[in-house]
Amino acid sequence: MNPKKLFKELYSVYGLQNWWPVTGKEKTIPEYKKRTKLTEKQKLEICFGAILTQNTSWKNVEKAIIELNKENLINAEKIVLIKKQKLAELIKSVGYFNQKAVYLKEFCKHLEKFNYSLNSFFAVFDLRKELLSVKGIGKETADSILLYSVQKPFFVVDAYTKRIMERITGKEENDYDKLQGFFHSRLEHDALLFNEFHALFVEHAKNFCRKKPLCSNCFLKKQCFHGKQFILK
DNA sequence: CGCCAGGGCCTCA
DNA sequence: TGAGGCCATGGC
């Protein structure tokens, strides 16, 4: 299995995914390699989104982010000060709102040490380790922040990635670090590549590689261990 | 009605 | 270190 080839096939079918951020998004971006610089506010919004989307559909997260933006709460200092109850109400649409209100506050409180400057926080030596020390940030959320907000090449492994890879290779691998290592060792460490790749996995999982997969119509079935059995002979 | 979504924490072996 | 319970809304 060649990951680069897989990327090209997915990209040729689904095209640019243009994930993140929600606010102030560019309307037309011709290629995945030409993405504009993010503002500090957009970077913070991405961090919030990474936390809010834990086990939650993105549609519900967008609603919450728009609500927060209306109140000018894409702002770490303000999140620290707002009442937990009030914050939970604003993000109600994401589900798990009591937990996630705490998680957002924990993250923003961590930024206090950096005078609420996301850019200085992002400059710490072992940022991944520090992100993981924040309550509410696990490996996937940390890597999402590192990839989409910090824009450093950390491959994000989610449930979709595991499922698609399990079906393609025919081997189950639940270890996050091993799965991430697979991509890190076989792809150039390019944040924009990892960015689009992860988004394309999500898109493919929604279109074909669902829990109940639609193998017979899937364009990857010839090279997929699980999909091969659905090729008509 | 059931199932699932761009997971993580806590507890208990 | 791994399995299981818990968190909870909204779309289909």
Side-chain angles (χ1 to χ4, degrees), chain A residues 7 10-11 14-23 25 32 42-43 45-68 84-110 128-151 154-167 172-180 183 191-214:
Chain A
F7 171 77
L10 291 170
Y11 187 74
Y14 300 116
L16 186 72
Q17 297 304 300
N18 198 19
W19 270 23
W20 272 330
V22 173
T23 59
K25 183 148 50 174
Y32 78 90
Q42 287 177 318
K43 291 180 186 176
E45 183 224 291
I46 293 168
C47 296
F48 287 4
I51 292 168
L52 293 176
T53 197
Q54 290 167 1
N55 203 34
T56 298
S57 67
W58 180 249
K59 277 261 176 187
N60 292 356
V61 177
E62 267 191 336
K63 283 185 195 168
I65 288 175
I66 289 166
E67 285 304 306
L68 291 176
K84 193 199 306 178
Q85 185 78 11
K86 172 75 176 165
L87 181 56
E89 279 173 34
L90 286 166
I91 63 170
K92 179 165 161 275
S93 64
V94 302
Y96 313 127
F97 43 79
N98 288 316
Q99 278 190 0
K100 287 174 181 176
V102 173
Y103 294 171
L104 287 182
K105 286 176 84 63
E106 288 283 330
F107 177 72
C108 291
K109 192 163 186 175
H110 198 86
R128 188 172 194 268
K129 188 175 175 186
E130 190 147 338
L131 282 166
L132 289 173
S133 75
V134 179
K135 183 177 179 181
I137 298 183
K139 288 178 181 175
E140 185 184 335
T141 306
D143 287 333
S144 293
I145 290 171
L146 287 164
L147 180 58
Y148 288 96
S149 187
V150 190
Q151 299 177 295
F154 288 80
F155 202 94
V156 176
V157 176
D158 62 357
Y160 293 143
T161 309
K162 288 179 189 169
R163 185 163 77 209
I164 292 173
M165 291 305 291
E166 180 181 336
R167 291 200 177 128
E172 188 173 359
E173 178 56 81
N174 284 316
D175 188 282
Y176 188 100
D177 299 322
K178 284 185 182 172
L179 214 36
Q180 184 180 57
F183 292 100
L192 290 172
L193 171 64
F194 288 7
N195 176 329
E196 283 305 315
F197 208 149
H198 177 241
L200 287 166
F201 267 144
V202 172
E203 193 59 22
H204 188 60
K206 286 178 179 170
N207 284 285
F208 294 100
C209 211
R210 303 175 182 174
K211 259 200 165 169
K212 287 184 178 178
L214 305 175

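Only this structure's heavy atoms are used, side chains among them; waters, hydrogens and symmetry mates stay out. Chain identifiers are assigned alphabetically (A, B, ...) following the order of the sequence lines, protein sequences preceding nucleic acid strands; residue numbering begins at 1 within each chain.
- Residue contacts shown for A:Lys59 are absent, as no nucleic acid heavy atom lies under 4.0 Å away.
- In this structure, A:Tyr160 has its ring center no closer than 6.0 Å to that of A:Phe201.
- Atom NZ in A:Lys212 sits roughly 9 Å away from atom C1' in B:dC3 (whole-Å rounding).
- Residue contacts shown for A:Ile51 are absent, as no nucleic acid heavy atom lies under 4.0 Å away.
- Within the 4.0 angstrom heavy-atom criterion, only backbone atoms of the sugar-phosphate kind lie near A:Phe97; the bases stay farther away.
- Comparing the C1' positions of C:dA8 and B:dC3 gives a spacing of 14 Å, expressed to the nearest Å.
- Distance, A:Gln54 CD to C:dC6 C1': 14 Å, rounded to whole Å.
- C:dG2 atom C1' lies 19 Å from atom OH of A:Tyr176, rounded to whole Å.
- Rounded to the nearest 0.5 Å, atoms CD1 (A:Ile164) and CG (A:Asp158) are 8.0 Å apart.
- Note that CG of A:Leu87 is 6.5 Å distant from CG of A:Leu68, once rounded to the nearest 0.5 Å.
- Look at A:Thr56 and you won't find any side-chain N or O under 4.0 angstrom from OP1 or OP2 of C:dA8.
- What you find for A:Ser149 and A:Cys47 is that their closest heavy atoms are OG-SG, 3.7 Å.
- Using a 4.0 Å heavy-atom distance criterion, A:Gln99 is classed as a base contact.
- A:Tyr96 has its OH atom 6 Å from the C1' atom of C:dA8, to the nearest Å.
- To the nearest angstrom, P of B:dG7 lies 13 Å from CD1 of A:Ile145.
- Of the side-chain N and O atoms in A:Lys206, one or more sit less than 4.0 angstrom from OP1 or OP2 of B:dG6.
- Look at CG on A:Asn55: it is 8 Å from C1' on B:dC4, rounded to the nearest Å.
- Atom-to-atom, CD1 of A:Ile164 to P of B:dG6 comes out at 12 Å; the value is rounded to the nearest Å.
- A:Gln54 and A:Ala50 make their closest contact through CG-O, 3.8 Å (heavy atoms, listed as atom of the first residue, atom of the second, distance).
- Note on A:Lys100: nothing from the nucleic acid sits closer than 4.0 angstrom, heavy atoms only.
- Put simply, CD on A:Glu62 is 14 Å from C1' on C:dG11, counting in whole angstrom units.
- Remark: the separation of the C1' atoms in C:dG10 and B:dC1 is 15 Å, to the nearest Å.
- Both A:Asp158 and A:Leu132 sit near DNA chain B, but only A:Asp158 has its closest nucleotide nearer the 5' end.
- Across the interface with DNA chain C, nearest-nucleotide mapping of A:Asp175 and A:Lys92 shows A:Asp175 to be the residue nearer the 5′ end.
- Distance from the side chain of A:Ser93 is smallest to C:dG10 among B:dG6, C:dG10, B:dC10.
- OP1 or OP2 of C:dG11 has at least one side-chain nitrogen or oxygen of A:Lys63 nearer than 4.0 Å.
- Of the side-chain N and O atoms in A:Arg163, none sit less than 4.0 angstrom from OP1 or OP2 of B:dG6.
- The partner of C:dG11 is B:dC3, judged by Watson-Crick or G-U wobble contacts that both fall below 3.5 Å.
- In this structure, A:Ser57 and A:Gly138 both approach DNA chain B, and ranking their closest nucleotides by distance from the 5' end singles out A:Ser57.
- Side-chain atoms of A:Glu130 and A:His110 form a donor-acceptor pair, as typed in the model, at a separation below 3.5 Å.
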